[in-house]
Every structure is written in structure tokens, then in C-alpha cells.
Amino acid sequence: MSPPAATLNDSPTLTHSLPTKNGINGTAPPATKTIINGAPPSTKTTVTELKSEEAVQTSMFGKWSDFAFAPIRESQVSRAMTRRYFADLDNYAESDIVIVGAGSCGLTAAYMLGKQRPDLKIAVIEAGVSPGGGAWLGGQLFSAMVMRKPADTFLNDLGVPYEDEGNFVVVKHAALFTSTLLSKVLSFPNIKLFNATAVEDLITRPHIQATGATLGGAVRIAGVVTNWTLVSMHHDDQSCMDPNTINAPVVVSTTGHDGPFGAFSVKRLVSMGQVEKLGGMRGLDMARAEDAIVKSTREVVPGLVVAGMELSEVDGANRMGPTFGAMVGSGVKAAEEALRVFEERKGQE
Ligand SMILES: Cc1cc2nc3c(=O)[nH]c(=O)nc-3n(C[C@H](O)[C@H](O)[C@H](O)COP(=O)(O)OP(=O)(O)OC[C@H]3O[C@@H](n4cnc5c(N)ncnc54)[C@H](O)[C@@H]3O)c2cc1C
């Protein structure tokens, strides 16, 4: 299947439309302008649909002696990347929803939100260079991924094949699930993934209750403080490396269980005095753990929804081992919860 065609105007805003047989929106694709002096394009540049496998064979197989790429100047490559990235930083500085962590839970939440609400701007912040968190393999580095029903509903929606074993299903390789989910999330025009970017703090406001009163030092989360992950890792040996920020009425935190980067937001809630202490992830109990994580996915403090394995650190829930249905279920519930919180808080400062 062809990916969505994307049209790039001189203004750096990307607009996407579904591909049709005849090209973008049924019109013949305009010719692409070649610029080799390095100046930004002054006319519309169009990324056309990928050609079919047959067309690739016809145009390339057996023709390698004449093979040459279209000409390019290095600055064109630089500008093609930086223009888009800085436009995205500008555009997403005010987001509707920020998702922290692009593991199985965060990506599931992003998929549900992107699909249901194309009108919302959703930023996904991932500390690692490679998104996907711990969902590239099953338990003990085995390939297969197990999900208990009813998580198969989500696989059906995604179009990921599996073997049905009765109460659970098995995807032949965890990477098939994660790569499919990731590619769908990245295809949504209203979702931007900022990877290699760490959330290093939360933006807070005093929490004003419905009565107009503020309670003690209670806060509402109103966005995230970010930095390049490599910069975040060097605050101890380099000085004056101030961060960047993204404002949003709701943040969904899915940073996984405790570790060098994990459980980030909930650990920060403790250090800010918003949560007394963490329960800590308990021993393994597959049957109980999965239900508990999904059912407890919620707004832990105003403006902050916590989901996935990060939640086990707050509640002291059991770990579940290599069964991933709970990450999907928690991501779906986090999306529902995020939309509720968004409606409640979107007008707030
Ligand atoms: C020691 C260990 C034990 C495990 N135990 C279990 C278990 O009991 N049960 C289970 O289901 N799975 C377990 N797993 C497997 C796996 O981690 C989880 O199942 C699953 O990947 C959790 O999904 P998640 O989306 O909640 O978090 P993860 O897959 O861990 O994804 C979290 C993502 O958030 C990113 N991130 C973290 N902090 C930040 C930050 N500050 N800013 C931006 N991004 C950030 C991380 O880079 C990561 O990509 C375990 C893995 C390990 C290594």
C-alpha cells in the first residue's frame, strides 16, 4: 500500500492527503522542481506516491550502468531537514496533548488519539533514538509477542496478523507489532515524534479547584520541559544547558518502569511533593497485573495521565512479565482519559 502523499509548500506546514490512483487528490502529480543552488524552493514542491514494485523493477532492473541519482547540493539536504524540524518545534510549542515515552503504551495512546481526533496536535517525546521502548522482543529476548484477549481487537484494527491460541494470541515477532504501530502513528499528519529528546521536568501551575480555591501546594501539570537526550545526560559535566518547553493542557506519561530514564514523571511528582511516595513495582502475577494496570490508568494529578508500566510504580502493582495486552489496554484507556482531561482543561492557562 502506498503511504499518504505529502505536499510541502514554501511555508513549512505539512499537509497530507490520501493517495488516489491519479496522484494527490485525483490530480496528476505536478513536476518536481530541481534546485541545485541551495536556495529554498520558491514554488510548491511535491512528494509523489511511491511507484509500484513493478514500476521500480521496470525502471531500475538491468539498467545499473546508466544509474545516477538526481543532482543535489549539500545545503539542500540540510535545509530540507532543519526547515521542517524547526517548523515542528514552533508548531508543537503549544500542543493539545503531549505523550511522554514512545513504548508500546505511549504509541498505542498516540494511535488512538491520532485516529479519533485529527483536529488535535499531539507531540510524542521519546528519550531514545529508537522509538518502541521494550516492545521489540518478547520475554527473555525471544521473538514472539503474547497478548491476552481482548487485546486482539487492537491487533485487528492495526492489521497485525497473529495465531489464535484461545484466551491469548501470538504475534510471530514483537517487532512486527511495534513497527506496524510506529509506522501508523508516524503517518498521522497531526502527530509529531520528537525522538532523542528527553522530558527533564514538568511545567506546573497552581491547581485551582472548581470552587476557585487552591489547595496547599497542589499543582496542575501544564506541559513538559525538554532537552536533547544527549544534553540531558551531561548536566553534571557541562553547565548552562537550558531546556526547551512544550505547553499542553494534558500530558500522558508512559515512561515505563523505574530505571535510568524510566518512571520519570511519577518520580518527579514525588520530588515535588505531589505524590507522597511510590508503591514500587511488585512481584510477577500475570493475571492480576494486567487487569490492574488497565483499570487504574488515570489522571494521577491534574493534567497528568499515567499509563503503562510507569503506573505500576505509583500503585505498587504487580509486574506481568512478557505479556503485552496490558500495555495496549492501558494505552487505549489513556487516550480516552486524555480526551476527557483535554476537554476539562483546554481553556486553562
Ligand atoms: C528489567 C525489566 C523488567 C521488565 N518487566 C516487565 C514486566 O514485569 N511486565 C511487562 O509487561 N514488561 C516488562 N518488561 C518489558 C517491557 O519493558 C514492558 O512490557 C513494556 O515495554 C512497557 O511498556 P511501556 O510503554 O509502559 O514502557 P516502555 O516500553 O519501557 O517505554 C517507555 C519509553 O519511554 C521512554 N522514556 C523514558 N523516560 C523518558 C523521558 N524522561 N523522556 C522521554 N522519553 C522517556 C523510554 O526511552 C522508552 O522508549 C521488563 C523490561 C525490563 C528491562
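Both ligands and their constituent atoms are indexed starting at 1 by order of listing. Note: hydrogens, waters and symmetry copies are ignored here, and every other heavy atom, side chains too, is used. Computed from a prediction, not measured in an experiment: that's the story for all the values here.
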Keeping the roles fixed (side chain from Lys192, backbone from Val124), state whether a donor-acceptor pair exists under 3.5 Å. no
Does a side chain donor of either [X] or [Y] reach within less than 3.5 Å of an acceptor in the other side chain?
{"X": "Arg268", "Y": "Ser271", "value": "yes"}
{"X": "Arg220", "Y": "Gln348", "value": "yes"}
{"X": "Glu126", "Y": "Thr197", "value": "no"}

Could you find the nearest protein heavy atom to [atom] and give me its residue, atom name and distance?
{"atom": "atom 29 (O) of ligand 1", "value": "Gly134 N, 2.9 Å"}
{"atom": "atom 25 (O) of ligand 1", "value": "Cys105 N, 3.0 Å"}
{"atom": "atom 49 (O) of ligand 1", "value": "Glu126 OE1, 2.7 Å"}
{"atom": "atom 19 (O) of ligand 1", "value": "Phe324 CE2, 3.5 Å"}
{"atom": "atom 5 (N) of ligand 1", "value": "Arg319 NH2, 3.1 Å"}
{"atom": "atom 26 (O) of ligand 1", "value": "Met309 N, 2.9 Å"}
{"atom": "atom 31 (O) of ligand 1", "value": "Gly103 CA, 3.4 Å"}
{"atom": "atom 38 (N) of ligand 1", "value": "Phe261 O, 2.8 Å"}

What distance separates [X] [atom1] from [Y] [atom2], expressed to the nearest 0.5 Å?
{"X": "Leu304", "Y": "Glu337", "atom1": "CG", "atom2": "CD", "answer": "11.0 Å"}
{"X": "Thr297", "Y": "Ile293", "atom1": "OG1", "atom2": "CD1", "answer": "6.5 Å"}
{"X": "Glu94", "Y": "Thr245", "atom1": "CD", "atom2": "OG1", "answer": "8.5 Å"}
{"X": "Asp315", "Y": "Ser296", "atom1": "CG", "atom2": "OG", "answer": "5.0 Å"}
{"X": "Leu107", "Y": "Thr180", "atom1": "CG", "atom2": "OG1", "answer": "11.5 Å"}

I'd like the name of whichever of [options] reaches closest to [atom] through any heavy atom.
{"atom": "atom 23 (O) of ligand 1", "options": "Glu200, Arg268, Met145, Met327", "result": "Met327"}
{"atom": "atom 27 (O) of ligand 1", "options": "Ala326, Ala317, Gly283, Gly256", "result": "Gly256"}
{"atom": "atom 40 (C) of ligand 1", "options": "Val199, Asp285, Thr226", "result": "Val199"}

Quick check: [X] and ligand 1, any N/O pair under 3.5 Å apart?
{"X": "Ala198", "value": "no"}
{"X": "Phe264", "value": "no"}
{"X": "Gly321", "value": "yes"}
{"X": "Ala127", "value": "yes"}
{"X": "Glu310", "value": "no"}
{"X": "Gly262", "value": "no"}

Classify the contact between [X] and ligand 1 as side chain, backbone, both or neither, using a heavy-atom distance cut-off of under 4.0 Å.
{"X": "Met320", "result": "both"}
{"X": "Thr255", "result": "both"}
{"X": "His257", "result": "side chain"}
{"X": "Val100", "result": "side chain"}

Examine ligand 1 and decide if any of its atoms is less than 4.0 Å from a heavy atom belonging to Leu107.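 Leu107 does not count as a contact of ligand 1 under the 4.0 Å cut-off.
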Nearest heavy-atom pair of [X] and [Y]: which atoms, and what distance?
{"X": "Ala110", "Y": "Val185", "result": "CB-CG1, 4.0 Å"}
{"X": "Glu276", "Y": "Val270", "result": "O-CG1, 3.9 Å"}
{"X": "Asn227", "Y": "Pro243", "result": "ND2-CA, 3.6 Å"}

Taking only heavy atoms of [X] into account, list the atoms of ligand 1 that are under 4.0 Å away from them.
{"X": "Thr197", "result": "43 (C)"}
{"X": "Ile125", "result": "43 (C), 44 (N)"}
{"X": "Gly308", "result": "26 (O)"}
{"X": "Thr254", "result": "32 (C), 33 (C), 34 (O)"}
{"X": "Gly133", "result": "29 (O), 31 (O), 48 (C), 49 (O)"}

When clusters are formed by joining ILVMFWY residues with side-chain heavy atoms under 4.5 Å apart, either directly or through shared neighbours, do Val146 and Met309 land in the same one? no
Asp96/Lys346 ion pair, N-O < 4.0 Å: no
Applying ring-ring contact (aromatic ring centres under 6.0 Å, His included), which residue pairs with at least one partner in residues 191-226 are found, sequence neighbours left out?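 Residue pairs passing ring-ring contact (aromatic ring centres under 6.0 Å, His included), neighbours aside: Tyr85-Phe194.
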Let's go through Tyr111 and Phe154 carefully: what are the C-alpha distance in whole Å and the side-chain angles of both, what is the deciding distance for ring-ring contact (aromatic ring centres under 6.0 Å, His included) to 0.1 Å, and is it a yes or a no? CA-CA 10 Å; Tyr111 175 78; Phe154 187 72; 5.5 Å; yes
